[in-house]
A.B. asks: 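I'd like to ask you about the structure that follows.
Values reported hereafter were calculated over all heavy atoms of this structure, with side chains retained and with hydrogens, waters and symmetry mates removed. Throughout, a chain's letter reflects where its sequence line sits, starting with A, and its residues are numbered from 1.
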Amino acid sequence: MIYDFKSIEKKWKDKIQLEKPFAFKKELKRDKYYCLEMYPYPSGNLHMGHIRNYSIGDVTARYKKLQGFNVLHPIGWDAFGLPAENAAIQNKVPPAKWTFENIANMRRELKDFAFSYDYENEVCTADPSYYQWGQWFFLKMNERGLVYKKKATVNWDPIDKTVLAREQVHEGRAWRSGAVVEKRQIEQWYIKITDYAEELLSGLDKLVDWPERVKTMQRNWIGKSEGAIVNFKFGDDDFPIFTTRTDTIFAATFMAIAFDHQDLESYVEKGNNELLDKVRKFREKCQKINQDSEYEKEGLFLNSYITSPVNQKKIPLYVTNFVLAEYGTGCVMGCPAHDERDLKFAQKYSLPVTIAVKNAEEPTQNQSVAQSVAQSVAYKGDGILVNSGPYNGLNNQVAKKKIIEDLVEKKLARKVVNYKLKDWLISRQRYWGNPIPMLRDASGKYYPESFANLPVSLPQDVEFSGFGNPLETSKSFREVLVKSEAGQEKKLLRETDTMDTFTCSSWYFLRYVDVNNQVSPFDKKLVDHYLPVNHYVGGIEHACMHLLYARFFHKVVRDMGLVNSDEPFTKLTTQGMVVSQSYFSPSLGKYFHLSELGDDRKTCPVTKTPLVIKKEKMSKSKRNGVELKEMLDKYGADSIRLFILFAAPVEKDLEWNEKGIEGCSRFILKVIKWFTKITQEATSSVEANDDDEIKRLSFLINQTIYKVDKDIKRLRFNTAISHMMTFINEVNHLHFSSVGGIKEAQKALRQFLILLSPFAPFISEELFEFFNSNGFVAEQKWPEHQGEWLKADKVDLVVQINGKLRAKVTLPIDQDEEVVFQLAKSEKNVVKHLGDKTIVKKIYVPNKLINLVVKK
RNA sequence: GCCGAAGUGGCGGAAUUGGUAGACGCAGUGGACUCAAAAUCCACCGAAGUUCGCUUCGUAAGGGUUCAAGUCCCUUCUUCGGUACCA
């Protein structure tokens, strides 16, 4: 038998299409397993990153199915978003047409790999039957007071002409278009994710099956800090500041206010117009600063003073370019001795440096702190309070609490918790998204659309000129006539902002359990049975956006009483990227494809200057990708799946290596060779004695079942495959000639094919047909290892002297220490090393090793 | 800076609670088969030495704990990822 993967894969693709072995059956009785991979954006074609993501998920889904679980393993389409609209502008293709054609194409590509999805249970976010429920959730959130509109300085992408979320801006540039981001003031819709900040943070502790780094990233993103708002005084008025270090309050030698603080001008010395003018110029200058790059800390003395609540000291007030208006109160106290950045500022403007906490290890003098401060290093450690009036001598952590308590008692402070997390800006000035179901009257007042009118569908009569929001060009969409209670017709304007696509991906995993529901987003009973998702697989790049929004949405939906669970995803796996060598010519500023280079891969073929060779994520722009179609034609889906799972552990980056796929093809050939040998070529002779071979085979197959099962459970697919390779290598050396031997071999083959099927489904199906001509290997029962076969009757035992390997002896298992010791002592090499030394100690690890500790 | 992850042959990577370092695969070397090549099969494949039995060294670097350390502890270095004026 030759490996004709093309016809094998065609045959089984058709059979899967026809007989639907992976159809999702809603069942509340059987144990469920919900395995989910992050759904793709329908950009046009699948790439290797997708194949890796879905291969990882598919192994788990198929494994659980074989174990008898009712598996929910769905796929869908994150179908809204900018590229569709850009295509509409460039090619005059409607976004819907572009999107749905891409989906059809990518679905076809997915089928080439036999991922165990039910394509009749898809979610497509651009389908009104889905997005109406997104609008429904928006209105429900609005009812719960979680939605509001406010004017805000937003990041404006001048190329895509849209507002960007903070996380969509990287180093001052838009994440998609790469344009330099501008600041603009626009009315925007927000969702109050900050109401859930505390639970989003504390809930992380319960997610024991999430990678530590993802949890850390979310913790930092939420950025909780506990402190106090302390009321300093500006004349008779309050001047509140936020601090987490009340223990350093006596060390405050300047006060700082943000340049964009709304009350800034009221703190400038009264009547000093010259200064006011300077302040305004300073503010203008600050506004031009790119907040993402590093810049010098600067300030301007406002000729006014703030009074400290602890010692009534007058402290000079500065406007600065480094205090953030949106965090805390927009005003802080400057304690140069204990804060790096305050120290820099103080030194620049020759402000005094007072020490409030000294190093506890040097109680008699202040040397260490004073010296380090003199060397421009602020002291941020713990210690004993000095220069702090009644609190002198206290440990600073104690003093911190005491000072707050005292201030709170005098009504001069209150304890507060601050978060870095900002409310979720969901407005997008775009057409291809979920319309926000709100209406506005002439006075600017907003009314929610009524539930009965959902969905608010996207109109067809729009123009894609490339500027502004196309929805504004649709009269049928914009103008709405509603009847008031008095029966009068009233003209309202429909909101033209659409929602951020992250709103769609925040609950798609809930919809999968009930995709055809027309009366509610999903049935509660079904959702409570199938949720939470047991295993979620996707890219690390979603650690702080999608995964946080989805957790938030789930909690809101829970509070609406629609789902019982607190968290949507029990176990999370973040797979590494697929990387490959890229060749960049710095002199030309462009990438070269490998095929464009000659034998000399280190030099630019045009300018003859050295190329920069790096391992980077496969992408079109870096010209280091591979064509999926080409790989499929050359090697078939099974070899690609095997390679992608074999070449690296799932969480690490995977380096593309075509030779590696060939290795996996060779493995499949060896499987076929063994199959052929024991199903076709075997000539039976009843007299033959295969006892030793049968014993060896039983040991090998049971060991392989044991190891593969364990490695799938701990998500080590690379080693699971290596164990199957070892099995095939060994078993190809066994020869059976008796009827009983061949029967045993076929039994082992049958079990082996089930083990192989989650990794290489096509060839497994094809060969398994020998045992089961109508069904699928995917629907068999996962084999269990027989423990008694795992114990070999002989073991290789290691003999060490002082921890160094000196001999190996083969012994029956479970020998007494004394027997092993006597045998070990008589080994030639052991005798040599023992010489006339005395044995002072023996360490015996049964069936593993004996270590003799010797002395002269 | 801070937080997180990781450093093992020529390469991708194994080594589950400390117990034979380098499984499996790629590349390479030698041989068989062949008119020849490809494919396949067999053998070798960390370094140095060797009387071919073995010996010494070797998991980023340096120390430590232990009968025994890639694995545990301390210090340092490097790489990658996240984040950055959050008071």
A.B. asks: Quick one: list whatever passes side-chain hydrogen bond (donor to acceptor under 3.5 Å, both in side chains) with Arg716(A), sequence neighbours left out.
C.D. replies: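 In terms of side-chain hydrogen bond (donor to acceptor under 3.5 Å, both in side chains), with neighbours along the sequence ignored, Arg716(A) is linked to no residue.
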A.B. asks: In whole Å, measure the gap between the C1' atoms of G12(B) and C3(B) for me.
C.D. replies: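 To the nearest whole Å, 29 Å.
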A.B. asks: Using heavy atoms to find the nearest nucleotide of RNA chain B for Arg245(A) and Arg716(A) separately, return the residue whose nucleotide is more 5′.
C.D. replies: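 That would be Arg716(A).
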A.B. asks: Enumerate the salt bridge (charged side-chain N to carboxylate O under 4.0 Å, His left out) contacts for residues 239-255 of chain A, please, sequence neighbours excluded, ordered by first and then second residue.
C.D. replies: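 Only Arg245(A)-Asp247(A) qualify under salt bridge (charged side-chain N to carboxylate O under 4.0 Å, His left out).
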A.B. asks: Mind checking the P distance from G49(B) to A43(B)? Whole angstroms is fine.
C.D. replies: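 Result for the P pair: 27 Å, nearest Å.
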A.B. asks: List the residues meeting side-chain contact (heavy atoms from CB on, under 4.5 Å) with Glu651(A), not counting sequence neighbours, and say none if there are none.
C.D. replies: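 So Glu651(A) forms a side-chain contact (heavy atoms from CB on, under 4.5 Å) with Pro649(A).
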A.B. asks: Would one find a side-chain N or O of Asn220(A) under 4.0 angstrom from OP1 or OP2 of A84(B)?
C.D. replies: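 No, because none of the side-chain N or O atoms of Asn220(A) sits under 4.0 Å from OP1 or OP2 of A84(B).
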A.B. asks: Can you check the distance between C11(B) and G1(B), where both ends of the measurement are the C1' atom (answer in whole Å)?
C.D. replies: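 Approximately 36 Å lies between the C1' atom of C11(B) and that of G1(B).
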A.B. asks: Does the side chain of Tyr583(A) pick up a donor-acceptor pair with the side chain of Asn624(A) at under 3.5 Å?
C.D. replies: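 Checked: Tyr583(A)/Asn624(A) side chains show no N/O donor-acceptor pair below 3.5 Å.
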A.B. asks: The criterion is side-chain hydrogen bond (donor to acceptor under 3.5 Å, both in side chains); which residues satisfy it with Arg219(A), sequence neighbours excluded?
C.D. replies: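 So Arg219(A) forms a side-chain hydrogen bond (donor to acceptor under 3.5 Å, both in side chains) with Asp205(A).
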A.B. asks: For Gly663(A), report the nucleic acid contact type (base, sugar-phosphate, nothing); a contact means any heavy atom under 4.0 Å.
C.D. replies: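 It contacts sugar-phosphate atoms only.
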A.B. asks: Among C26(B), A87(B), U83(B), which nucleotide sits nearest the side chain of Arg666(A)?
C.D. replies: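 Among C26(B), A87(B), U83(B), the one nearest the side chain of Arg666(A) is C26(B).
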A.B. asks: Specify the residue among Ala647(A) and Asp339(A) whose closest nucleotide of RNA chain B lies further upstream toward the 5′ end.
C.D. replies: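 Comparing both residues, the 5'-ward one is Ala647(A).
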A.B. asks: Dot-bracket for RNA chain B, 5' to 3', counting Watson-Crick or G-U wobble pairs under 3.5 Å, with [ ] for crossing pairs and | for inter-strand pairs?
C.D. replies: (((((((..(((......[....))).(((((.......))))).((((....))))..(((((..]....))))))))))))....
A.B. asks: Please enumerate all residues that pass ring pair (Phe, Tyr, Trp, His ring centres under 6.0 Å) together with His542(A), with sequence neighbours excluded.
C.D. replies: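 If we apply the ring pair (Phe, Tyr, Trp, His ring centres under 6.0 Å) test to His542(A), skipping adjacent residues, the hits are His546(A).
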A.B. asks: Which nucleotide in the set G19(B), G25(B), G82(B) lies at the smallest distance from any side-chain heavy atom of Met217(A)?
C.D. replies: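 Of all the options, the side chain of Met217(A) is nearest to G82(B).
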A.B. asks: Name the nucleic acid region contacted by Arg219(A), choosing base, sugar-phosphate or nothing; use a 4.0 angstrom heavy-atom cut-off, strictly under.
C.D. replies: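 No contact at all - Arg219(A) keeps every heavy atom at 4.0 Å or more from the nucleic acid.
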A.B. asks: How does protein contact run along nucleotides 64-74 of chain B, one letter per nucleotide 5' to 3', with B for base contact, S for sugar-phosphate only, - for none, heavy atoms under 4.0 Å?
C.D. replies: ---B-------
A.B. asks: Does either side chain, that of Asp711(A) or that of Thr719(A), offer a donor lying less than 3.5 Å from an acceptor on the other one?
C.D. replies: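 There is such a pair between these side chains.
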A.B. asks: What pairs with His723(A) under ring pair (Phe, Tyr, Trp, His ring centres under 6.0 Å), at least two apart in sequence or on another chain?
C.D. replies: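 Counting only residues at least two positions away or on another chain, His723(A) forms no ring pair (Phe, Tyr, Trp, His ring centres under 6.0 Å).
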A.B. asks: With sequence neighbours left out, write down each residue that passes ring pair (Phe, Tyr, Trp, His ring centres under 6.0 Å) with Trp674(A), or none if nothing qualifies.
C.D. replies: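 Checked Trp674(A) against ring pair (Phe, Tyr, Trp, His ring centres under 6.0 Å); matches are Phe727(A).
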A.B. asks: Take a 6.0 Å sphere around NZ of Lys348(A) and say whether it holds more than 12 heavy atoms from other residues, nucleotides or ligands.
C.D. replies: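 Result for NZ/Lys348(A): enclosed.
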A.B. asks: Sugar-phosphate means primed atoms, P, OP1 and OP2; the rest is base. With that split, encode nucleotides 43-60 of chain B 5' to 3' as B, S or - using protein heavy atoms under 4.0 Å.
C.D. replies: -----------SSSS---
A.B. asks: With sequence neighbours left out, what residues match Phe345(A) under ring pair (Phe, Tyr, Trp, His ring centres under 6.0 Å)?
C.D. replies: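 Applying ring pair (Phe, Tyr, Trp, His ring centres under 6.0 Å) to Phe345(A) gives Phe254(A), Tyr318(A), Phe322(A), Tyr349(A).
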A.B. asks: Check whether any side-chain nitrogen or oxygen of Tyr327(A) sits under 4.0 Å from OP1 or OP2 of A87(B), and answer yes or no.
C.D. replies: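 Yes.
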A.B. asks: How far, in whole Å, is U59(B) from G9(B) if one measures between their C1' atoms?
C.D. replies: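 The same atom, C1', in both gives a distance of 10 Å.
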A.B. asks: When you measure from the side-chain N and O atoms of Arg341(A) to the phosphate of G1(B), is any distance below 4.0 Å, counting only OP1 and OP2?
C.D. replies: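 For Arg341(A), the contact criterion (side-chain N or O under 4.0 Å from OP1 or OP2 of G1(B)) is not met.
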A.B. asks: Counting heavy atoms from C-beta on, name the nucleotide in G25(B), C3(B), A14(B) closest to the side chain of Asn718(A).
C.D. replies: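 Nearest nucleotide to the side chain: A14(B).
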A.B. asks: For C86(B), take OP1 and OP2 only and decide whether either is under 4.0 Å from a side-chain N or O of Thr244(A).
C.D. replies: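 No, outside the criterion.
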A.B. asks: Does Thr194(A) have any side-chain hydrogen bond (donor to acceptor under 3.5 Å, both in side chains) partners at least two apart in sequence or in another chain, and if so, which?
C.D. replies: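 side-chain hydrogen bond (donor to acceptor under 3.5 Å, both in side chains) check on Thr194(A) returns Asp423(A).
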